[in-house]
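What follows is a set of notes on a single structure, which appears directly below.
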Amino acid sequence: MRMSKLFAPTLREVPAEAEVASHQYLLRAGYIRKTAAGMYSYLPLAWRVLRKIENIVREEMDQAGGQEVLLPALQPAELWRESGRWDVYGKELFRLQDRHERDFCLGPTHEEIITALVRKEINSWRDLPLLLYQIQTKFRDEIRPRSGLIRCREFIMKDLYSFDRDEKGQSVSYKAMYKAYSKIFTRCGLKFKAVEADSGAIGGTGSHEFMVLAETGESVIVYCPSCDYAANLERAVSTPATADPSSKVEQPLQKVHTPSKYSIEEVTGFLNVPASKLVKTLLYRIIYRDREELAVVAVRGDRDVNEIKLKNALQALEVELADPITVERVTGAPVGFAGPVDLQGMPILADPEVTLINNAVVGANQHDYHLINVSYGRDWTATKIVDLKNVIEGDPCPRCNASLKTTRGIEVGHIFNLGTKYSVALKAMYLDENGASKPIIMGCYGIGIPRTMAAAVEQHHDRDGIIWPVSIAPYQVSIVPVNYNDKKQRLLAEELYFMLSKANVEVVIDDRDERAGVKFNDADLMGFPLRITIGPRSLKDKKIEIRRRLDGMVWLVDKEAVIDKIQTELAELTQQ
RNA sequence: CGGGGUAUAGCUCAGUUUGGUAGAGCGCUUGCUUGGGGUGCAAGAGGCCAGCGGUUCAAAUCCGCUUACUCCGACCA
């Protein structure tokens, strides 16, 4: 490719809209342009990167037994009504109507379509397992698109769906995908972690998210430094405490005046007790498909409720904190003075930790009063005791009790056992060896392609721009003649361009009438792994100068050795 | 959904407080110059000041509404 022809308009300044590194550099280096919030146009360089990622994905999917298909992006509402998701999916689903006012949606995912396809064609256990995948554009009306390519409303995704006879077969498919995903992200040059993820109300053998480690990631990951335990925050647990280490002597319940002490900090400061002695009592609105109710949630004062855990514990559609008026109506006190003692008429969910506190402090359900020396069992009991808290750094690992750590990540892949949720709803059945009709066991396995590209930039950049892993670089080498108008430089540059192209090295030549500095900066910004510089310096010694983007390492080699050296270095970089 | 911010040239931004008919840097065009990390000089082109409606002799500027973009929060008692 000739830089004089390449459609990659670079920007000298950081566009005001870009916050994170991947967004800034992809814009500045001329890879992407925004069309609207959460919608991007991919320019030639980005498209090359995306296709490379796609091809790695494709190879590994094929390797794992997948077959590629292409499915409609525009989907009829009937199928979504059949699966029940037309009503459940909510605002995130892009809905539209055709000229006859029939309902459609733009597919955010393809379970319905593929299950409907498979149910018609698969009848026998002999047809299973079946692994089908597609790489195509999906649509989600995200609450808040953000961080450039990381959270978009329109994005390319690979989804593979597995169809198996039974749990055992499903587990084989799942493991094959787990392995394929590990290979894919390794090949893309990414540092990642597979973490246990929340599998929601569906249950099943589980779910893993593949997280590219990056400070700008949206998800918090909990992991153990000494064993292989890793989970996202919604899923992470720690070894439950068995007892309150403090004094066990049970004191009589007592009401104390705590004027205007609303927050945990105010109460702990006023009563001079640690936050771990408090029971944080929260009133939640629990929304089910057909009804709504209130529930009391209790965690230790130094803990936070994880609403996903709460939602799962109650099998609810949605949970949200009750508004202050409701709190006052139900507890009889303003927000800040709620407590589980004598709070009736609704379920009380308690995290196991709160039941262990000796002589706890709780709100008295009365303005400006708290209760002290509260004892679980004696003074109150929970309807349900269940893990509801966010794990924090330092909690003991549930497997080996080492101190857990947290970090952030970008979720680039998610694998999921669907069980029979869709096959039952959409009647995708098969006949087993005994002639019995059974629902197919399904799994789905997604990878966000543009997000993977963005994650790679988050992980591989410096002040000057992107530093692509070789496997996904749009071009591997750029040739920069310091002065293209100089005949000697031009001829040599063109010769090398020809030689490398012929040797199947993906190469760009900067044939623009620009200053050396401009070309160097553009090459650095765009992130090509290697650069060949041609100028009077190296020409004088009849050597070719090869520079590594990663660290600025420079080699001077003979012309005859260039291809060899380039290939060696590319291989070397790929290894790392 | 709630809250904040922003909207002026292709990009980054001044100008708005105190109304008087539009600016800088970069980019772009042309010519010369220079040629190893965004060269220097000169001459140009380029704006319905997001949109709509008010106030006024006069609005980028004041007031109201709308739209778009962006950040924060998704309420932790």
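Chain A is the first sequence line, chain B the second, and so forth, proteins listed ahead of strands; every chain is numbered from 1.
- In summary, of the residues considered (F270(A), Y262(A), F337(A)), a ring pair (Phe, Tyr, Trp, His ring centres under 6.0 Å) with H370(A) occurs for F337(A) alone.
- In the interface, the side chain of Q489(A) is not paired with the base of rG36(B) through any donor and acceptor atom under 3.5 Å apart.
- Across the interface with RNA chain B, nearest-nucleotide mapping of L321(A) and E545(A) shows E545(A) to be the residue nearer the 5′ end.
- Atom CG in N521(A) sits about 9 Å away from atom P in rU39(B), given to the nearest Å.
- Using a 30° and 60° split on the angle between ring planes, Y369(A) and H257(A) fall in the tilted class, from 30° to 60°.
- Side chain of V327(A), nearest nucleotide from rG35(B), rU12(B), rA77(B): rA77(B).
- For D513(A) against rG35(B), a side-chain-to-base donor-acceptor contact under 3.5 Å is present.
- Rounded to a whole Å, the CZ atom of R512(A) is 12 Å from the P atom of rU39(B).
- Of the C1' atoms belonging to rU18(B) and rG2(B), the separation is 35 Å, rounded to the nearest Å.
- Atom CZ in R144(A) sits roughly 10 Å away from atom P in rU70(B) (whole-Å rounding).
- For the C1' atom pair drawn from rG19(B) and rU61(B), the interatomic distance equals 6 Å after rounding to whole Å.
- Relative to the side chain of A16(A), the nucleotides rA77(B), rC13(B), rG37(B) differ in distance, and rC13(B) lies closest.
- Taking the nucleotide of RNA chain B with the nearest heavy atom to each of V14(A) and R547(A), the more 5' of the two is matched to V14(A).
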Distances under 3.5 Å between nitrogen or oxygen atoms of protein and nucleotides 24-31 of chain B:
{"from": "rG25(B)", "atom 1": "N2", "to": "E13(A)", "atom 2": "OE1", "distance (Å)": "3.0"}
{"from": "rC26(B)", "atom 1": "O3'", "to": "R12(A)", "atom 2": "NH1", "distance (Å)": "2.6"}
{"from": "rC26(B)", "atom 1": "O2'", "to": "R12(A)", "atom 2": "NH1", "distance (Å)": "3.4"}
{"from": "rG27(B)", "atom 1": "OP1", "to": "R12(A)", "atom 2": "NH1", "distance (Å)": "3.2"}

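- Closest heavy-atom contact between Q24(A) and A18(A): NE2-O, 3.2 Å.
- RNA chain B lies under 4.0 Å from at least one heavy atom of each of the following residues of residues 332-343 of chain A: V335(A), G336(A), F337(A).
- The 12-atom threshold is not exceeded at CZ of F498(A), counting heavy atoms of other residues, nucleotides or ligands nearer than 6.0 Å.
- Note on D486(A): nothing from the nucleic acid sits closer than 4.0 angstrom, heavy atoms only.
- Proximity of the aromatic rings of Y40(A) and F155(A) is defined here by a centroid distance below 6.0 angstrom, and this criterion is not met.
- Closest to the N485(A) side chain, of the nucleotides rG35(B), rG36(B), rA74(B), is rG35(B).
- No donor-acceptor pair closer than 3.5 Å links the side chain of D395(A) to the backbone N or O of V391(A).
- For R48(A) and Y475(A), the positive end sits near the middle of the six-membered ring, less than 6.0 Å away and at most 45° from its axis.
- The stretch residues 363-375 of chain A does not touch RNA chain B, since none of its heavy atoms comes less than 4.0 Å from the strand.
- Residue contacts for I264(A): at a heavy-atom cut-off of 4.0 Å it reaches the sugar-phosphate backbone alone, with no base atom in range.
- At least one cation-pi condition fails for R548(A) and W555(A): the charged atom is not both under 6.0 angstrom from the six-membered ring centre and inside a 45 degree cone around its axis.
- Spacing of P atoms, rA77(B) relative to rG4(B), comes out at 23 Å, to the nearest Å.
- Relative to the ring axis of Y223(A), K405(A) does not place its NZ or CZ within 45° and under 6.0 Å from the centre.
- The base of rG37(B) lies close enough to the side chain of D524(A) for a donor and an acceptor atom to sit less than 3.5 Å apart.
- In terms of polar N and O atoms assigned as donor or acceptor, the side chain of R531(A) comes within less than 3.5 Å of the base of rG37(B) in a complementary pairing.
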Donor-acceptor list for residues 515-525 of chain A side chains, cut-off 3.5 Å, not counting sequence neighbours:
{"from": "K519(A)", "atom 1": "NZ", "to": "P481(A)", "atom 2": "O", "distance (Å)": "3.0"}
{"from": "K519(A)", "atom 1": "NZ", "to": "D510(A)", "atom 2": "O", "distance (Å)": "3.4"}
{"from": "K519(A)", "atom 1": "NZ", "to": "R512(A)", "atom 2": "O", "distance (Å)": "3.0"}
{"from": "N521(A)", "atom 1": "ND2", "to": "G517(A)", "atom 2": "O", "distance (Å)": "3.0"}
{"from": "D522(A)", "atom 1": "OD1", "to": "T10(A)", "atom 2": "OG1", "distance (Å)": "3.3"}
{"from": "D522(A)", "atom 1": "OD2", "to": "R512(A)", "atom 2": "NH1", "distance (Å)": "3.2"}
{"from": "D522(A)", "atom 1": "OD2", "to": "R512(A)", "atom 2": "NH2", "distance (Å)": "3.0"}

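- With both ends at atom P, the span from rG51(B) to rA60(B) equals 11 Å, rounded to whole Å.
- Considering D486(A), L539(A), I509(A) in turn, L539(A) is the only one that fulfils the side-chain contact (heavy atoms from CB on, under 4.5 Å) rule with I534(A).
- Rounded to whole Å, the P atom of rC65(B) lies 13 Å from the corresponding atom of rG3(B).
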Below 3.5 Å between N/O atoms, which protein atoms pair up with nucleotides 3-9 of chain B? Just atom names and distances, please.
none

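- In a base pair of the Watson-Crick type (N1 to N3 plus N6-O4 or O6-N4) or a G-U wobble (N1-O2 and O6-N3), with each distance short of 3.5 Å, rA42(B) is matched with rU30(B).
- In this structure, CG of L11(A) is placed 8 Å from P of rU12(B), rounded to the nearest angstrom.
- As judged by a 4.0 angstrom heavy-atom cut-off over every strand, P536(A) is placed among the base-contacting residues.
- Under the side-chain hydrogen bond (donor to acceptor under 3.5 Å, both in side chains) criterion, R547(A) pairs with no residue at all, not counting sequence neighbours.
- Residue N390(A) is tested with T406(A), V299(A), L233(A) for a side-chain contact (heavy atoms from CB on, under 4.5 Å); the sole match is L233(A).
- Between the side chain of R515(A) and the base of rU34(B), a donor-acceptor pair under 3.5 Å is found.
- The shortest distance between the side-chain N/O atoms of K34(A) and the OP1/OP2 oxygens of rU70(B) is below 4.0 Å.
- Proximity of a side-chain donor or acceptor of R451(A) to a complementary backbone N or O of E411(A) within less than 3.5 Å is detected.
- As a whole-Å value, the separation of E19(A) CD from rU70(B) P is 11 Å.
- Taking the P atoms as reference points, rG25(B) lies 23 Å from rG20(B), given to the whole Å.
- rA7(B) is paired with rU67(B) under the criterion used here, namely a Watson-Crick or G-U wobble arrangement in which both key atom distances are under 3.5 Å.
- Residue E320(A) is classed as having no contact, given no heavy-atom separation below 4.0 Å to the nucleic acid.
- Here the closest non-hydrogen pair linking L404(A) and P398(A) is CD1-CD, 4.2 Å.
- Counting non-hydrogen atoms of other residues, nucleotides and ligands closer than 6.0 Å to CG of D342(A) gives a total of 12 or fewer.
- When both pairing distances are held under 3.5 Å, rG2(B) makes a Watson-Crick or G-U pair with rC72(B).
- When the P atom is compared between rU39(B) and rC49(B), the two are found 34 Å apart, to the nearest whole Å.
- rG53(B) sits 32 Å from rA45(B) when the P atoms are compared, rounded to a whole Å.
- Comparing rU70(B), rC1(B), rG36(B) against the side chain of A516(A) picks out rG36(B) as the nearest.
- Residues Y31(A) and W468(A) bring their aromatic ring centres within 6.0 Å.
- Figure legend. rU16(B) is base-paired to no nucleotide; pairs are counted as Watson-Crick or G-U wobble with both atom distances under 3.5 Å.
- Across all strands shown, Y262(A) has heavy atoms under 4.0 Å from sugar-phosphate atoms exclusively, and none from any base.
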